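Bear in mind the structure is a predicted one, so any value in this text is a computation, not a measurement. Numbers restart at 1 for each chain; the letters A, B, ... are given by sequence-line order, proteins then strands.
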Amino acid sequence: MTVVELGWWGVPIGVVGGAIRVSTPFLFVSLGECITERSGRINLGLEGILIMGAMSGYAVSYASGNPWLGVLAAGGAGLLLGLLHGLACNLPRVNDIAVGIGLMLFGTGLAFFLGKPYVQPKAPTLPAIPLGAWSGSPQIQAALQVNPLFLIGLALAIVLAWAFRSTRWGLVVRMVGDSSDAARAMGYAVPRVRTISTAVGGCLAGVGGSFLSLYYPGSWSEGLSSGQGLMAVALVIFARWNPIQCFYAALLFGGAGALGPALQSVGVTSGYYLFNAAPYVVTLGIMIATCSPRRTLAGAPGELSINR
Amino acid sequence: MKERVGRLDRRELLLGLAGAGAVGALAAAGRAFGADKLIVGVIYVGPRDDYGYNQAQAQAAAALKKMPGLTVVEQEKVPETTDVQKTMGSMIEQDGATLLFPTSFGYFDPHILRMAEKYPKVRFAHCGGLWTEGKHPKNVGSYFGYIDECQYLNGVVAGHTTKTKKLGFIAAKPIPQVLRNINAFSMGARTVDPKITTQLIVTGDWSLPVKEAEAANSLIDQGVDVVTCHVDSPKVVGETAERRGIFVCGYHADQSALAPRGYLTGAEWSWTAPYTTHVKDAMAGKPMNNFMRGGLKDGFVKTGAYGRAVADHARKSADAVKAQMVKGDYVIFKGPLKDNAGTTVIPAGSAHKQTDVVLEQMNYLVEGVIGKV
Amino acid sequence: MASDRSGQWRHAAEALVIPIAALAAAMVVFGLFMAALGQNPLEVYALIYKGAFASAFSWQNTLSRAAPLILTALCVALPAQAGLMVIGGEGAVVLGGLTAAVVGHLLSGAAPVGVKVSMALGGMIVGGLWIALAGALRQYRGVNETISSLLLTYVAVALFNHFVEGPLRDPSSLNKPSTANIGDVNMIGSLPGLDIHWGLGFGVVFCVAMHVLVRSTTYGFALRIVGGNPRAARLAGLPVGALVLTVCLLGGAAAGLAGAVEVAAVHGSANASLIAGYGYAGILVAFIARQNPLAIVPVAVLVGGLSASGGMLQRRLDLPDATVLVLQGIAFMLILGSEALYGRLKPFRARVA
């Protein structure tokens, strides 16, 4: 296998590879948050759920020897924490943004606390699917090493988009999110639908977290997440609550995160902190460009508290 | 109203019971301490089991725990803010510690210096600081190891093993200690083949797993086939290298278990020597050793065992250099030495032994390193 | 009227009893958690008390930790009066600290009093502007201020790191990149007789002043209307935009002052140690204090005490440092959940005449 000197071509290839690698947790978390927000709740505790999912996935994978069991456990942990959020927000006068911040703190603390014994051991990681086998260049092969979770996420995005449009369940969620009065008039238990949506959202966020610890970077440590859970919330708004657009947005954010190291590896070395800030600046720019005070965000669920 | 009074009564009763229990537990908690002759406190900036810097310090602390007449209290994840002053104060006032090992570089100024003035009878042994006679109090000492010697040996082995002649170095921050390591690694490799280059990527902070993984991947995409690093926890770099099928040289502590196929050798700390010296001095009441430095010769650092992939001629070559270092004969930084912008940083005929303090202010990258400070 | 006054007392009692009960419940839940892990909960409580409040030393430890939290909590509590949920205090702290360090260094020849005042002002202005940016984005572009302030925090930390390690770096600060030192004469000292710097004093004064502002002035009244019912405020012709921006300025100024004090009282320059999570801890304090500026002070002392006791738990029981995080998370969740109890508990309900 000859290694070809890539030079500046390394940057776009690195960005594409990085986009696929780094975007998967964004994808899952944003799809989960998409469901939650469509039902009228906003869950800022995703950061805590993400980390808890990463830790529990790693722990179960280590204990059982099977990384997929780890993914399942991560989903379960996310489900429980999402349920906690949902139930807490059902209480009267409780602000869902505040509960989200609390959950972020609680989930992070719990994960660090329980995860102490798992920093050292090495758990089995998820396999990759080599989509780049057609290329003779090992760099392209590596960039296109796709993780099954990425493909599952893509499929999930398509399924969700269809579900929101064409199934009864999707309609119920959307109605609860747009107008709780109308939903109640139709006989749907608004709190129950929202709690279930938040729990499912948490489950997906947990799975997204397990990707971090079981595939990339593939180990559990306390610095694993750098705000991905919170960026996912912004991502959903940017994607206008549309699952397919969530997929593209996740790729965009993943690529922005990979830009810094890719540029450094070809010698653009100054200002690496500013490159590190790129994803956040992009998010902010997008939000500024697409929001407007006069009309509510087009396509936003009417009940979402951030619009009021 | 009666209900409320009733509830208050019950609550008062419960509070009273809890209070009594607490006082009892307090007494019990207090009794367990202060029995030993010397109480030593160790403070870590990160988790003890990070496969890296803190773990190396914790291994020395663990060795101390085996010594008789000694109690060791440890606290981890103490940030480099007034928190560490409070932690040191707690260890002194609440635990009765008289010898402290605050292990992170950033603890020195102003935190240790302030606490040292406040508690002149307590000894503070700091890792990495530059203790200066006359400027710093006598109850403070600094110890550090010349791990760049081991990075040099890493470089020699890497130089023999690389097929693409491209090496990679992932660094957290471009400070002198790190630059010294980068330069030593590159220079060691170039003794094997002067055409070898070392590509540098700076992540920006001591512990950023995702950035470290991305950096490793970018380097590998550029054709690097041996990588090493200077971050707090080399775990991610090692695992990424193994997954992508390249070689890795370890740092801080032993990472051979993480990369069974790709691990070449490693640069590791061995802090047991300075720790034990300080403890023995404290127990005997001898004055504190204010400035301890050591390399391979003094056992402050060590190299990792060679991995499967290291060829015989590479082992022999590295062992030969190591033998010279152990004798104290080998000089890494000698002239003529140019930095990677072409300026001469060490003129011909001039040489800096490992103990030369000017090396601790290094601010350049040598020829052969691709990157900027 | 008698019933009016008793209503006020009932209200005040409710506002005191319910949070305290929630905190007590959090301790119980935490104790159960500890018991489930094989620790003796009573021993844990004892160590927490010992580490936080038992001796003069632990009190100083607690108060030192509480000092920055009081100011950063204001950064959340003040905009909350106008109905905004701003959680970007961390960004204001680091930029405020950076500004103070730069100002202090530039002016270091001048009279120390002037330098100190300029540093504080510089920190407050920059911190205030940063949070006001989030407020402006909300007011004029409809961008949710929680998310924007959080994103701005990440941007602020990146800017801080870039400047401290790059253009503003002191060439002699080798192994710990910092800005140039402001000089010992310009450092803020400790409160008389204590080992705690003046930041605590500033914090308490700021809180009391803000309490007066919010409760007793027309400005504060207008703020609370905007917070309670923005539509009504607009209909009444209140200058909502100006109110939102100014309250964000005030909150950001508090956080910026916290950063400036950290630089002037502890480090003498700006470096990575400034990024210590004070902003995030301030969020916790503000919520437990239910956004009331006066309540922030005792709550900050409590949270500071809990953080201070974390060291004891680590050293004596070998518990990880995240233990205190778990306790704080539980406390936060229970305090938020207890919001539902206001107006529902029998002893506090108004009696029907």
Portion of M27(C) that has a non-hydrogen atom of chain B nearer than 4.5 angstrom: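 For M27(C), there is no contact with chain B at all, as no heavy atom is under 4.5 Å.
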
Check each atom of A322(C) against the heavy atoms of chain B and say whether the ones under 4.5 Å are side chain, backbone, both or neither.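 For A322(C), neither part sits under 4.5 Å from chain B.
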
Considering all heavy atoms of both residues, which atom of K86(B) and which atom of F57(C) are nearest to each other, and what is their separation?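 Result for this residue pair: O-CZ, 3.8 Å.
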
On a heavy-atom basis, which atom in R315(C) and which in V73(B) lie closest, and how many Å separate them?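 Looking at all heavy atoms of both residues, the shortest contact is CD-CB, 4.1 Å.
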
Counting N and O atoms only, with roles assigned by atom type, does the side chain of Q314(C) sit under 3.5 Å from a partner on the main chain of E76(B), one being a donor and the other an acceptor?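 It does hold such a pair.
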
For S273(C) and E80(B), indicate whether the former's side chain and the latter's backbone hold a donor-acceptor pair under 3.5 Å.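 Such a contact is found between S273(C) side chain and E80(B) backbone.
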
Please classify the contact of D83(B) with chain C as side chain, backbone, both or neither, using a heavy-atom distance under 4.5 Å.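 Looking at D83(B), backbone and side chain both touch chain C.
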
Does any heavy atom of chain C fall under 4.5 Å from the side chain of P110(B), the backbone, both, or neither of them?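 For P110(B), the side chain is the part near chain C, not the backbone.
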
Partner chain C: residue of G204(B), P79(B), G89(B) with the largest heavy-atom pair count (under 4.5 Å):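 Of the options given, most contacts go to G89(B).
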
If you tally heavy-atom pairs under 4.5 Å against chain C, which of G41(B), S90(B), G106(B) wins?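 Most heavy-atom pairs within the cutoff with chain C belong to S90(B).
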
Is a salt bridge present between R48(B) and D318(C), judged by a nitrogen-to-oxygen distance below 4.0 Å?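 A salt bridge links R48(B) with D318(C).
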
Does the side chain of Q94(B) reach to within under 4.5 Å of the side chain of S58(C), using non-hydrogen atoms?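 Yes, their side chains come closer than 4.5 Å.
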
Contacts of type salt bridge (Lys or Arg N to Asp or Glu O under 4.0 Å), residue K173(B), not counting sequence neighbours: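 Applying salt bridge (Lys or Arg N to Asp or Glu O under 4.0 Å) to K173(B) gives E165(C).
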
More than 12 heavy atoms from other groups under 6.0 Å of CZ on F33(C):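 Yes, the 6.0 Å shell around CZ holds more than 12 heavy atoms from other groups.
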
How many angstroms lie between atom OG1 of T81(B) and atom CD1 of I275(C), to the nearest 0.5 angstrom?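 So the OG1 of T81(B) and the CD1 of I275(C) are separated by 12.0 Å.
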
